[in-house]
Amino acid sequence: MARPNDDVADLLFEYADLISITGGDAFKARVYEKAARAVAGFHDNVADLDQRGVERIPGVGRSIAAKIVEYMTTGRVAAIEELRAGIPDGVRRLTAVPGLGPKRALQLYRELGISSIDDLAAAIQAGQLRELKGLGEKSEAKLLHGIDLLRSTGGRSKLHVAEELARRLVATIATVDGCQRCAYAGSLRRMRETIGDVDILAAADRSAPLMEALVAQPDVAEVVARGETKTSVRTVAGVHVDLRVVPLAAWGAAMQYFTGSAAHNVRIRELAVRAGLKLSEYGLFDAGTGELLVSETEAEVYERLGLPWIPPELREDRGEIEAALRGDLPDVIAADALRGDLHTHTNLTDGQASAEDMVATAAARGYEYYAITDHAPDLYMQRMSDEKMLAQRTRAHALDGAYSGMRVLHGTELNIGPDGEVDWPAEFLAGFDVCVASVHSHFTQSSDDMTRRLIRACENPHVHIIGHLTGRKIGRRAPIDADLDAVFAACARTGTALEINSHPDRLDLHDEHILRARRHGVKFAINSDAHSTIHLPYVRYGVGMARRGWLTGADVINTWPLERLRSFLAV
DNA sequence: GCCGTTTTCGGCCCGACTGTTTTCAGTCG
């Protein structure tokens, strides 16, 4: 069940696109996009709000609120249906082709009747596009190439893939003669769950040698654009990389600018304009005299606008600017705040490494405690038994304190059955230090059944943490259908923590869920779900999600000292 | 269409790159 807020957001995005395509007021289109984002991120369910309530969503005024109420009561919005009637849905999808925007999409539809990507490909093959004003042979080739890309990759990279590429490119470019600084920015710095483009920023007096170094990388498949300040390439894996080179003096302004998000930057620039200033990637200027005021660090750019430095993960225009103006930004959880990991596997079930290797690697990370939580018997393929689990407990006790004094907890990852029951009876469960419980089967239950199932698991006093709540796998498996707010409320009521599963294929919960759950007063556990020693560092992605969800260390039980954690688990 | 520490009207972020334009429109981020 999509949350009504998400349906409304999709509708508002569609309306914004339709306004752009039909040549409507660009400012109006932007207002609808902004409202769509605000609705998607709003904590209350729009279905529960009346006109006045909806108008309290930032960026939603009387007109948009009326459309939302109309949609919630009738299931349709007359104004949107009207625009839809004039523009086939395929025309909107044309703008997904890289290099093709709303103006061209409308031109192609009006003049050639193109209303799908297949139509577009056929028209290009027939050489029809070059007959149109403003288009030529190169445009045809570019759009054909764009269609190929869209059909092959579909777009975004997983977080760890983009991060690995970005780190490698930064390390390479940083060693080029004349490179004064180099770092990645963009959605990767903000730790979004998937990455569209990798943005690399460098400071140098002469950009050419840096651009050359990027273009010369062996995995660069294509140079998309090449200029004095910006070069764009596509890798053989299909990842788009932009390198921007700026003067060192502009480093801070450029980092701020290229980190985004677009929505955050629009707000920041509006603040600048209202203060008689102009902000660009080259600095903050006096709008009247053109005098450069600040540009060297991000902090001074924010400071000159009356704001504290805002952590990149918060820069989504989800209230961070208002909070910053109030002096009320959360002290978000630090990258090194975790004292332990509470969901990991060994080769007793489907992990790759022995308990000894996992524990030794975890201890080398500096953890104070570490839980082994192998699968329970209801996941039949893992062939777990009481005897095997008890034998592992003996090994876990032997490992307790054996590496750098790290305490080893013995736990399990239970299976939440179709009715919310878990694998073992209470007396056996009581023998574990920590129990994670997760859905591993029956993913397609109705929303009502799934909600009841999850709440029942929360109410089990031996279940401490719900693992990867939605079960989604990015790009592969859709999330389960449940009333998540009801589950969040149950977690808060029963003192059951919610996992932030850090595996880059999962990232479950993700940021918007975390924001909502946090409002219910839920506590969280940031876990690796490691099936190998190399997965243990994945918790940095979970911390990224937590920061995007505005969590502080106090919200996350595995930042707590062991004694406090134990009393939480004991309740 | 939204919004208000110069405002209930008149603004609304800014620059790079490309292609076809001989001065600029479209797209992107």
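So that the names make sense, note that chain A is the first sequence line, chain B the second, and so on, each numbered from 1.
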With heavy atoms under 4.0 Å as the rule, sort [X] into base, sugar-phosphate or nothing.
X        : result
A:Val97  : sugar-phosphate
A:Ile268 : nothing
A:Gln107 : nothing

Nearest-angstrom distance from the residue atom [atom1] of [X] to [atom2] of [N]:
X        : N      : atom1 : atom2 : result
A:Arg190 : B:dG29 : CZ    : P     : 12 Å
A:Leu129 : B:dG19 : CG    : C1'   : 13 Å
A:Arg56  : B:dC3  : CZ    : C1'   : 18 Å
A:Leu135 : B:dT21 : CG    : C1'   : 12 Å
A:Lys133 : B:dA25 : NZ    : C1'   : 9 Å
A:Leu271 : B:dC3  : CG    : C1'   : 14 Å
A:Leu132 : B:dA25 : CG    : P     : 18 Å
A:His145 : B:dT27 : NE2   : P     : 18 Å

[X]/[Y] ion pair, N-O < 4.0 Å:
X        : Y        : result
A:Arg516 : A:Glu512 : no
A:Arg189 : A:Glu298 : yes
A:Glu212 : A:Arg226 : yes
A:Arg192 : A:Glu316 : no
A:Glu281 : A:Arg244 : no
A:Asp44  : A:Arg56  : no

Whole-angstrom distance between [N] and [M], as gauged at atom [atom1]:
N      : M      : atom1 : value
B:dG1  : B:dT5  : P     : 23 Å
B:dC3  : B:dC13 : P     : 14 Å
B:dT23 : B:dG29 : P     : 29 Å
B:dC12 : B:dT18 : P     : 29 Å
B:dG15 : B:dT8  : C1'   : 33 Å

Margin query: Looking at every non-hydrogen atom in both residues, tell me the closest pair between A:Leu129 and A:Glu140 and how far apart they are.
Written below: N-OE2, 3.2 Å
Checklist line | Residue pair A:Pro58 / A:Ala38: nearest heavy atoms and the distance that separates them | finding: O-CB, 3.3 Å
Next item on the list: Any strand is fair game: report the nucleotide pairing with B:dT18 by Watson-Crick or G-U wobble, both distances under 3.5 Å, or none.
Entry: B:dA25
Check: Can you check B:dT7 for me, syn or anti if syn means within 90° of 0?
Finding: syn
Next item on the list: Classify every nucleotide of nucleotides 9-18 of chain B by which part a protein heavy atom approaches to under 4.0 Å, writing B for the base, S for the sugar-phosphate alone and - for neither, in 5'-to-3' order.
Entry: ---BBBSSSS
Check: In terms of side-chain heavy atoms of A:Lys103, which of B:dG26, B:dC2, B:dT7 is nearest?
Finding: B:dG26
